[in-house]
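The next block holds one structure in the form of structure tokens; read it before the comments.
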Number of protein chains: 2
Amino acid sequence: MSERNSHRHLVIVAPGSTPEAAAHASDVASRAASSLSSASVFSDGELLLVGDLAKAVGKTVRAIHLYEELGLVRAHERSKGRYRLFTRDALVRVRWIIKLQSLGLSLSDIRALVRGQNDAASAKFAAMRLREVYVAKLVETQHKLSELKALESELEASLRFLSTCHSACESEASVDSCPTCERHPEQSNPPELVAGSRVN
Amino acid sequence: MSERNSHRHLVIVAPGSTPEAAAHASDVASRAASSLSSASVFSDGELLLVGDLAKAVGKTVRAIHLYEELGLVRAHERSKGRYRLFTRDALVRVRWIIKLQSLGLSLSDIRALVRGQNDAASAKFAAMRLREVYVAKLVETQHKLSELKALESELEASLRFLSTCHSACESEASVDSCPTCERHPEQSNPPELVAGSRVN
DNA sequence: CCTAACCCTTACCCATACGTTAGGGTTAGG
DNA sequence: CCTAACCCTAACGTATGGGTAAGGGTTAGG
């Protein structure tokens, strides 16, 4: 992990104004505390470059760009040279996106969710919409959990079964003899995860 | 679920012989007990058409074809008219494939696994290879399990938090006021799953 | 002023796991 | 013989979530 960032001071451009209009606004830079990169070095009104954000959340720059294209994140402002400048809120946002992904939502699912939040007439309504999604995802997640637990048990059973193969099977026995192998005391018939591997 | 299969008797063709060579082999049909479809009706030496297999395992015909192309399943034989005829072993096999998929293996992972089993010099060696894969997958699965449990907790926490929104928030409050809303007694700061939805 | 290290936009590329369509044959009851 | 309901092969289409490359500008220490 080479930490070779060294010189960072960006000129900020007010949202809505053109880059040219702010061409002589380097004073703004200090006001906005826009020292960048090496996130840990700065702690106050820090702004992040896209690469900093990406590193911080463990995604690539391309991914962040994609999320922006889809309307999932937004740079708070741009530098004079059109660099995206993110606030720390973006960290929260992108981590949120990542969590939703791991809950099984696609990026367009998330897009819809974001739209729903933005279009909500009131905070209460937004909260209701969010609730609906989360309730559904909770159910799904619990489903997945029990599926995974079942798979875990099957894997464990299969490994026990295969251990018997290891310790009791003659080295030269052909694979074809496995289905009828009689050396498995605990379980007479192999687990599906083992049986399936034997079948033609 | 329309059960409109009615007339099924296929002429079987011995593996290795051409369809033409078996053109007059309808006697084979009865020997092979090739009555098809409506799987539950037959129980003995039944052979399945691809559609029957597909329905039985909850996949599409196309999926079965794909698995066959990849060398993951094989029809035991073909009818005179080149219909695939599967034994019940194929059911085991395809269900195995599906389980491996839900363990996170791609079809080519599975292909490699199948090759490894087929190429194994001995049953013991095949079992060892299988073990390695399953051990790795067990670890992964346990990882996923704890991730999912964490997500479950977060969802539950978020839902509790959002319930407070529902009961204590004024209807007209704007979404922007949420981050600073002071009506949440239990937790002063919103869960990430809630916080992330508020951020621009 | 120079330069390393970033960043910008545009746009085509990729693997996975099927879906779908096309054009045509098969099966078996009636 | 007719027909509904299947099946066959071949081949192109699709959505996802970025990867990667091209061509060019920006930032800031030195």
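Expressed to the nearest 0.5 Å, how far CD of A/E154 lies from OG1 of B/T141 amounts to 11.0 Å.
The side chain of A/S79 contributes an N or O atom lying less than 4.0 Å from OP1 or OP2 of D/dT27. Under 4.0 angstrom from either OP1 or OP2 of D/dA15 there lies no side-chain N or O belonging to A/S108. When the side-chain nitrogen and oxygen atoms of A/Y67 are compared with OP1 and OP2 of D/dG17, none of them lie within a distance under 4.0 Å. A sub-4.0 Å separation between OP1 or OP2 of C/dC8 and a side-chain N or O of A/R84 is present. Applying the 4.0 Å criterion to OP1 and OP2 of C/dC18, one finds that B/K59 has a side-chain N or O inside that range. The side chain of A/S106 contributes no N or O atom lying less than 4.0 Å from OP1 or OP2 of D/dA15. Between A/H65 and D/dG18 there is no side-chain polar atom (N or O) within less than 4.0 angstrom of OP1 or OP2. Residue B/R82 has a polar side-chain atom (N or O) positioned under 4.0 Å from OP1 or OP2 of D/dT9.
Proximity of a side-chain donor or acceptor of A/R111 to a complementary backbone N or O of A/L70 within less than 3.5 Å is not detected.
We find that B/R62 and B/E69 are joined by a salt bridge, their nearest charged nitrogen and carboxylate oxygen being less than 4.0 Å apart. With salt bridges taken as basic N to acidic carboxylate O contacts below 4.0 Å, one links B/E192 and A/K99. Taking the charged nitrogens against the carboxylate oxygens, B/E68 and B/R74 have no contact shorter than 4.0 Å, which rules out a salt bridge. Under 4.0 Å is where a charged nitrogen must lie from a carboxylate oxygen, and between B/K137 and B/E140 at least one such pair does. Salt-bridge check for A/K144 with B/E152: failed, with every basic side-chain N at 4.0 Å or more from each acidic carboxylate O.
Distance CD (A/E69) to P (D/dT16): 14 Å, rounded to an integer number of Å. Distance CD (B/E68) to P (D/dA10): 11 Å, rounded to an integer number of Å. Counting to the nearest Å, the P atom of D/dA5 and the CG atom of B/D52 are 15 Å from each other. Between A/F86 atom CZ and C/dC8 atom P the separation is 7 Å, expressed in whole Å. Following rounding to the nearest Å, A/L66 (CG) and D/dT20 (C1') show an atom-to-atom distance of 14 Å. Between B/L85 atom CG and D/dC8 atom P there is a gap of 9 Å when expressed in whole angstrom units. Residue B/K80 contributes atom NZ, which lies 18 Å from atom P of D/dC7 at whole-angstrom precision. Rounded to whole angstrom, the span from the CD1 atom of B/I64 across to the P atom of C/dG19 amounts to 11 Å.
Just one residue in the list A/V57, A/V114, A/I110, A/L113 forms a side-chain contact (heavy atoms from CB on, under 4.5 Å) with A/I97, and that residue is A/I110.
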*For DNA chain D, produce a single dot-bracket line, 5' to 3'. Pairs: Watson-Crick or G-U wobble, both distances under 3.5 Å. Symbols: ( ) within strand, [ ] crossing, | other strand, . unpaired.*
||||||||||||||||||||||||||||||
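Counting only heavy atoms from C-beta on, A/V61 has its side chain closest to C/dC7 among C/dT27, D/dC6, C/dC7. Picking from C/dC18, D/dT9, C/dC8 the nucleotide with the shortest atom distance to the side chain of A/Y83 gives C/dC8. For B/R62, the listed nucleotide lying nearest its side chain is C/dC18; candidates were C/dC18, C/dA17, D/dT9. In this structure, the nucleotide among C/dT27, D/dC8, C/dG19 sitting nearest to the side chain of B/R78 is D/dC8.
Counting non-hydrogen atoms under 4.0 angstrom, B/L107 reaches the backbone sugars and phosphates but no base.
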